[in-house]
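What follows is a short report on a single structure.
Residue numbers start at 1 and run along the sequence shown.
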Amino acid sequence: MQRRAWRTSLVLSILGLAVATACGSMPGASPTATPSTPGATADATGIHKISHVIVIMQENRSFDDYFGTYPGVNGLPASNGHFTVCVNDPATGQCVSPYYNSDPVNGGGPHGQVNAVADINGGKMDGFIASAEKGGKGCGSTHDPACGGAGSDTMGYHDARDIPNYWTWAHDFVLQDALFEPNASWSLPAHLFEVSEWSANCHGSSDPGNCVNALQSPGNPPDFNKKTGTTPTPPTYAWTDLTYLMHKDSVSWNYFVQGGQQPDCADDAADCNAPYQNAKTPGIWNPLPYFTTVQQDGQLGNIKDVTNYFAQAKNGTLPAVSWVAPAQQDSDHPPANIEAGQTWVTRLINAAMQGPEWNSTAIFLAWDDWGGFYDHVVPPTVDENGYGLRVPGLVISPYARQGYVDNQTLSFDAYAKFIEDDFLGGQRLDPANDGRPDPRPDVRENASILGNLAADFDFNQPPRSPVPLPENPPPGPASTPGG
């Protein structure tokens, strides 16, 4: 963990614009009441000063892709201003070093289970270009997680010139440089881990005891497939998820979904109609409607269109826990424009900052998987499911440490652990004592290697004032290899 200075010119230019460009709630949003939420009282201490957790999950970027040249992190290896790593390109026989990519639209690479294994390559971390070149052959859609872009695109990186708000939040709050995807696979399993700490296939059974571990194919949403012309049966996610524990303890939650296209075809299909998602359409990024717990507890109404998030943030009626999922156009998922993604995230964070609940809020911003982009850090092994490759992570809160790099080993399991410690008295998704046993291989929140997000906060400091950022900020300064 380190504290370090950042480039003053970037901070001054962005923060100066922020004062004149405060962002309001999304137009057209209407006030929406939410259930009562355990609130931070005047005498709350420690983690319990946080009564609103917001998890913003973007898509398909590695840590090195977005922060590999950020000062003071475990970034792209370099010496004397030059990168000291490269990855072989089988098509040319050349070893390709990381390079600055100014293009806001990228291809990335395939990012399923087999690709995670190939990219890591036994710890050599040198399979990225080969995976992308293999994945690109014969693919009908760049939305397919088995497909990728042009080989060396995976070696490109971005910095404050392209994503200045992300870099400003890293300077002003907490940047995590050892956050790993919880599963070594693609988006759907990652989102299942986000809300339940497991990815399984229950083969249509509503009995949690019949679910079996499924890292790659947990039962996909029934997106129409042009090749077969059929609509598969919807999956049943019968294992226990975090909303089951929250419902038992009357802890409020919402899962906010932006309407629009989702990026990935179901079941690694090479081609499909681009599926449409909204709060009423379960999908790869909106899996909770398929959970039997959500159905049986009468909680389907907690899954809402994202316009409700903006209204609730403005009115001070956000629940204890909010998850926010983008649509393709704002997701950072190739081929989405990353400038649009940054604007989307800025709107979400500005809304929380400008609302009356800012002083009791913690925002966890992450990207769900690596998207085939290069990262040099070998993921640690926890169990047969992960961890997966390293992804960017930021903690934004009035109590977050300023200019702090968190080196703890983390995954999305740490989000569940924080929520459980804050709102559920430390209860875990543990088959031995959660009241709804399932055959999950382990209790992820209790992994000895997993860090504690409470370390990213200083609850003794007075809450810091919000600083909304411009939705379309000017480019920041160039970075240098080695930070």
Side-chain angles (χ1 to χ4, degrees), residues 22-42 44 47-58 169 173 194-195 241-243 245-247 249-259 278-279 285-286 288 294 297 299-326 330 344-366 394-400 415-416 418-424 453 457 459 463-469:
C23 169
S25 61
M26 179 167 286
S30 57
T32 304
T34 60
S36 59
T37 300
T41 60
I47 191 176
H48 301 300
K49 289 187 176 182
I50 301 300
S51 56
H52 302 281
V53 170
I54 302 171
V55 180
I56 300 173
M57 191 60 65
Q58 291 293 100
W169 288 320
F173 299 100
E194 180 189 6
V195 296
D241 69 291
L242 196 54
T243 71
L245 298 181
M246 291 193 288
H247 178 69
D249 280 15
S250 301
V251 177
S252 59
W253 64 271
N254 285 133
Y255 194 101
F256 297 103
V257 181
Q258 183 188 28
N278 59 37
W285 295 352
N286 181 23
L288 279 174
V294 177
D297 290 340
Q299 301 283 284
L300 287 170
N302 289 10
I303 303 158
K304 298 182 177 184
D305 186 86
V306 76
T307 53
N308 292 277
Y309 166 85
F310 290 98
Q312 290 171 219
K314 181 178 181 180
N315 296 329
T317 55
L318 284 173
V321 178
S322 300
W323 291 283
V324 187
D330 293 329
W344 157 255
V345 173
T346 302
R347 288 173 180 165
L348 293 170
I349 292 175
N350 283 353
M353 284 187 170
Q354 294 173 313
E357 295 166 334
W358 165 245
N359 281 355
S360 59
T361 294
I363 301 171
F364 302 132
L365 169 61
L394 293 161
V395 177
I396 300 168
S397 171
Y399 298 103
Y415 300 157
F418 187 95
I419 290 167
E420 292 162 351
D421 289 347
D422 192 5
F423 302 113
L424 299 172
L453 290 177
F457 299 84
F459 291 114
R464 292 159 52 196
S465 299
V467 183
L469 297 183

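Going from atom CE of M246 over to atom CG of D297 covers 11.0 Å, rounded to the nearest 0.5 Å. The distance from atom CD1 of I363 to atom CH2 of W169, rounded to the nearest 0.5 Å, is 8.5 Å. Atom NE2 of H48 sits about 14.0 Å away from atom OG of S360, to the nearest 0.5 Å. For the atom pair CD1 (I349) and CG (L365), the distance works out to 5.5 Å, reported to the nearest 0.5 Å. Note that the CG atom of D330 and the CG atom of L348 stand 9.0 Å from one another [nearest 0.5 Å]. For the atom pair CG (D422) and CD1 (I50), the distance works out to 7.0 Å, reported to the nearest 0.5 Å.
Closest approach of G316 to P356, counting heavy atoms only: CA-CG, 3.4 Å. Nearest approach of A400 to F457, heavy atoms of both residues: N-CD2, 4.0 Å. Contact detail for S397 and T361: the closest heavy-atom pair is OG-O, 2.8 Å. Of all heavy-atom pairs between P319 and H52, the closest is O-ND1, 3.1 Å. Pairing each heavy atom of A351 with each of A313, the nearest pair is O-CB, 3.8 Å. Nearest approach of V53 to F418, heavy atoms of both residues: CG2-CE2, 3.9 Å.
Here the options are L245, D249, V321, the test is side-chain contact (heavy atoms from CB on, under 4.5 Å), and the partner is F423; only V321 passes.
Checking D241 against T243 by side-chain atom types alone, a donor-acceptor pair falls below 3.5 Å. Between the side chains of Q258 and D305, no donor N or O sits under 3.5 Å from an acceptor N or O. Remark: the N302 side chain and the Q299 side chain contain an N/O donor-acceptor pair separated by less than 3.5 Å.
For E357, there are no salt bridge (Lys or Arg N to Asp or Glu O under 4.0 Å) partners, not counting sequence neighbours. Partners of Y399 under the ring pair (Phe, Tyr, Trp, His ring centres under 6.0 Å) rule, at least two apart in sequence or in another chain, are F459.
The side-chain heavy atoms of N254 and N308, taken from C-beta on, include no pair separated by under 4.5 Å. With contacts defined as side-chain heavy-atom distances shorter than 4.5 Å, the pair W358/P463 does not qualify. Put simply, the side chain of W344 reaches to within 4.5 Å of the side chain of V324, judged on heavy atoms. Contact of the F364 side chain with the V395 side chain is registered, since non-hydrogen atoms from C-beta on lie closer than 4.5 Å. Using a 4.5 Å heavy-atom cutoff, the side chains of L300 and V294 are in contact.
Ring geometry for Y309 against F256 counts as perpendicular: the plane angle is over 60°, on a 0 to 90° scale with 30° as the lower cut.
Between the D421 side chain and the I47 main chain, no donor and acceptor come within less than 3.5 Å of each other.
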M57 vs W323, test: side-chain contact (heavy atoms from CB on, under 4.5 Å). Steps then yes/no.
CA-CA 8 Å; M57 191 60 65; W323 291 283; over 6 Å; no

Could you go through L288 and I303, starting from their C-alpha distance and side-chain angles, then the distance that decides it, and tell me whether this counts as side-chain contact (heavy atoms from CB on, under 4.5 Å)?
CA-CA 8 Å; L288 279 174; I303 303 158; 3.9 Å; yes

